[in-house]
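Take a look at the structure set out below.
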Amino acid sequence: MSSSQSERLRELLEPLVSSQGLDLEEIAVDAVGRRRVLRVVVDSDTGADLDRIADVSRSLSAKLDETDAMGSGEYTLEVGTPGAERPLTEHRHYVRATGRLVSFRLTTGDELTARILRADGDGLDLEVPGVKGRKPTARRLAFEEIGRARVQVEFNRKDDKSAAHAAHDTNDETEEEA
């Protein structure tokens, strides 16, 4: 997708996404055979459930239908949220990842895996897990030191937030099966 098409789509779609209380994270147009697929990634501080995704999808589809932003050819619109191991590129991504384990590639080339405790305007307060029975250590990391950062998936994380989330997920699954 050309940068001018990307900018035009962003200008067209971002106000609609924002009006739904979401952030427009990414736009991509890919060719799949003869069709094109417009992928729109949205998120918010509280996440985006299926109802919000469906509402945004309907709004975006209606807006795209009344413009020529996608040209005259057929296309498919896909609206979703960032993946579990998404890269962190904006300040808001770090704030949303508070409490999560993150893998960092530092500008020095070093690798670091740590839990984000707090994000402010200058950088991050981290907890670096202890190795071989040692206690975790605190570390401050300035944003300028970060080359790349990606949230890590944790399957065995034991804390109140994930336990409550797991209980909530179990309840949702039960209701859906009923």
Side-chain angles (χ1 to χ4, degrees), residues 1-107 111-116 118-124 126 141-155 161-162 165 169:
M1 170 170 65
S2 70
S3 64
S4 61
Q5 183 185 22
S6 176
E7 290 168 10
R8 184 171 177 211
L9 284 169
R10 183 169 284 281
E11 287 173 9
L12 180 70
L13 303 180
E14 195 158 31
L16 290 171
V17 172
S18 295
S19 73
Q20 304 268 341
L22 298 168
D23 295 315
L24 179 59
E25 296 292 346
E26 186 179 328
I27 296 174
V29 177
D30 299 312
V32 180
R34 292 183 175 190
R35 289 192 157 182
R36 292 172 299 145
V37 177
L38 171 59
R39 290 185 175 90
V40 178
V41 178
V42 299
D43 201 6
S44 79
D45 291 343
T46 58
D49 62 22
L50 290 176
D51 291 334
R52 286 177 82 183
I53 297 289
D55 290 343
V56 168
S57 183
R58 281 189 290 275
S59 296
L60 297 182
S61 181
K63 187 63 156 181
L64 289 165
D65 287 348
E66 65 186 45
T67 69
D68 68 345
M70 287 299 294
S72 59
E74 290 185 25
Y75 69 92
T76 301
L77 172 65
E78 294 180 2
V79 179
T81 57
E85 292 185 350
R86 71 180 284 170
L88 305 177
T89 57
E90 303 283 336
H91 181 268
R92 68 178 177 262
H93 299 164
Y94 292 98
V95 171
R96 291 175 186 159
T98 298
R100 304 286 308 270
L101 195 64
V102 175
S103 174
F104 296 93
R105 163 78 53 120
L106 305 181
T107 55
E111 300 279 337
L112 171 68
T113 300
R115 189 169 309 283
I116 297 177
R118 190 172 79 85
D120 60 33
D122 299 319
L124 307 169
L126 305 173
L141 189 61
F143 288 120
E144 297 83 39
E145 297 177 78
I146 301 171
R148 187 178 66 207
R150 186 176 300 273
V151 171
Q152 298 298 294
V153 175
E154 295 180 85
F155 294 106
K161 189 175 180 180
S162 64
H165 183 62
D169 286 348

Task: L124 side chain reached by I146 side chain, heavy atoms, under 4.5 Å - done: yes

Task: Residues forming a salt bridge (Lys or Arg N to Asp or Glu O under 4.0 Å) with E66, sequence neighbours excluded - done: K63

- [ ] Can you sort out the partners of V41 under side-chain contact (heavy atoms from CB on, under 4.5 Å), two or more places apart, ordered by chain and number?
- [x] E25, E26, P82

- [ ] Check whether any side-chain heavy atom of R115 lies under 4.5 Å from a side-chain heavy atom of V102, and answer yes or no.
- [x] no

Task: Distance, nearest 0.5 Å, that separates CG of L16 from OG of S61 - done: 11.0 Å

- [ ] Give the ring-plane orientation class for F104 versus Y94, where under 30° counts as parallel, over 60° as perpendicular and anything between as tilted.
- [x] parallel

Open item on the list: Among R10, E14, E7, exactly one meets side chain to side chain contact (heavy atoms under 4.5 Å, CB included) together with I27. Which residue is that?
Closed with: R10

- [ ] Give a yes or no answer on whether the side chain of E90 reaches the backbone of L88 with a donor-acceptor pair at less than 3.5 Å.
- [x] no

Open item on the list: Let me confirm one number: the OG-CG distance from S57 to L50, rounded to the nearest 0.5 Å.
Closed with: 11.5 Å

TODO: Can you tell me which residue pairs pass the side chain to side chain donor-acceptor pair (under 3.5 Å) test with a partner in residues 32-42, sequence neighbours excluded?
DONE: D30-R39, R35-E74, R39-E78

- [ ] To the nearest 0.5 Å, tell me how far T81 OG1 sits from D23 CG.
- [x] 13.0 Å

- [ ] Apply side-chain contact (heavy atoms from CB on, under 4.5 Å) to S19 and list each qualifying residue two or more places apart in sequence or on a separate chain.
- [x] none

- [ ] Begin from the C-alpha positions of V29 and L9 and carry the test side-chain contact (heavy atoms from CB on, under 4.5 Å) through to its verdict.
- [x] CA-CA 10 Å; V29 177; L9 284 169; 4.0 Å; yes

Open item on the list: Would you compute the distance between atom CG of L106 and atom CG of L141 and round it to the nearest 0.5 angstrom?
Closed with: 6.0 Å

TODO: Give a yes or no on whether a salt bridge exists between D55 and R58, defined as a side-chain N under 4.0 angstrom from a carboxylate O.
DONE: yes

- [ ] Compare all side-chain heavy atoms of L77 with those of V37 and state whether any distance is below 4.5 angstrom.
- [x] no

TODO: Report the residues that fulfil salt bridge (Lys or Arg N to Asp or Glu O under 4.0 Å) with R148, sequence neighbours left out, ordered by chain and then residue number.
DONE: none

- [ ] Just jot down the side chain to side chain donor-acceptor pair (under 3.5 Å) partners of S59, sequence neighbours excluded, or say none.
- [x] Q20

TODO: Please name all residues satisfying ring pair (Phe, Tyr, Trp, His ring centres under 6.0 Å) with Y75, sequence neighbours left out, ordered by chain then number.
DONE: none

- [ ] Please identify each residue that fulfils side chain to side chain donor-acceptor pair (under 3.5 Å) with D68, with sequence neighbours left out.
- [x] R8

Open item on the list: Nearest 0.5 angstrom please: L22 CG to I53 CD1, how far?
Closed with: 6.5 Å

Open item on the list: Can you tell me how far apart CG (L64) and CG (L13) are? Round to the nearest 0.5 Å.
Closed with: 5.0 Å

Task: Contacts of type side chain to side chain donor-acceptor pair (under 3.5 Å), residue T89, not counting sequence neighbours - done: H93

TODO: Would you sort out whether V42 and V79 count as a side-chain contact (heavy atoms from CB on, under 4.5 Å), showing the intermediate values?
DONE: CA-CA 7 Å; V42 299; V79 179; 4.3 Å; yes

- [ ] List the atom of S103, the atom of Q152, and the distance in Å for their closest heavy-atom pair.
- [x] CB-NE2, 3.2 Å

TODO: Search all heavy atoms of S44 against all heavy atoms of R52 and return the closest pair with its distance.
DONE: OG-NH1, 3.6 Å

- [ ] Look at R92 together with D43 and state whether they make a salt bridge at an N to O cut-off of under 4.0 Å.
- [x] no

TODO: Not counting sequence neighbours, which residues clear salt bridge (Lys or Arg N to Asp or Glu O under 4.0 Å) with R118? List them please.
DONE: D120, D125

- [ ] Could you tell me which non-hydrogen atom of P87 sits nearest to which non-hydrogen atom of R150, and how far apart they are?
- [x] CD-NH1, 3.5 Å

Open item on the list: Just to verify, what does D45 make a side chain to side chain donor-acceptor pair (under 3.5 Å) with, not counting sequence neighbours?
Closed with: R96

TODO: Could you tell me whether R105 and E145 make a salt bridge, using a distance below 4.0 angstrom between a side-chain N and a carboxylate O?
DONE: no

Task: Exercise: identify the closest heavy-atom pair between V17 and L24 - done: CG1-N, 3.7 Å

TODO: Please list, chain by chain and in numerical order, all residues satisfying salt bridge (Lys or Arg N to Asp or Glu O under 4.0 Å) with E144, sequence neighbours excluded.
DONE: none

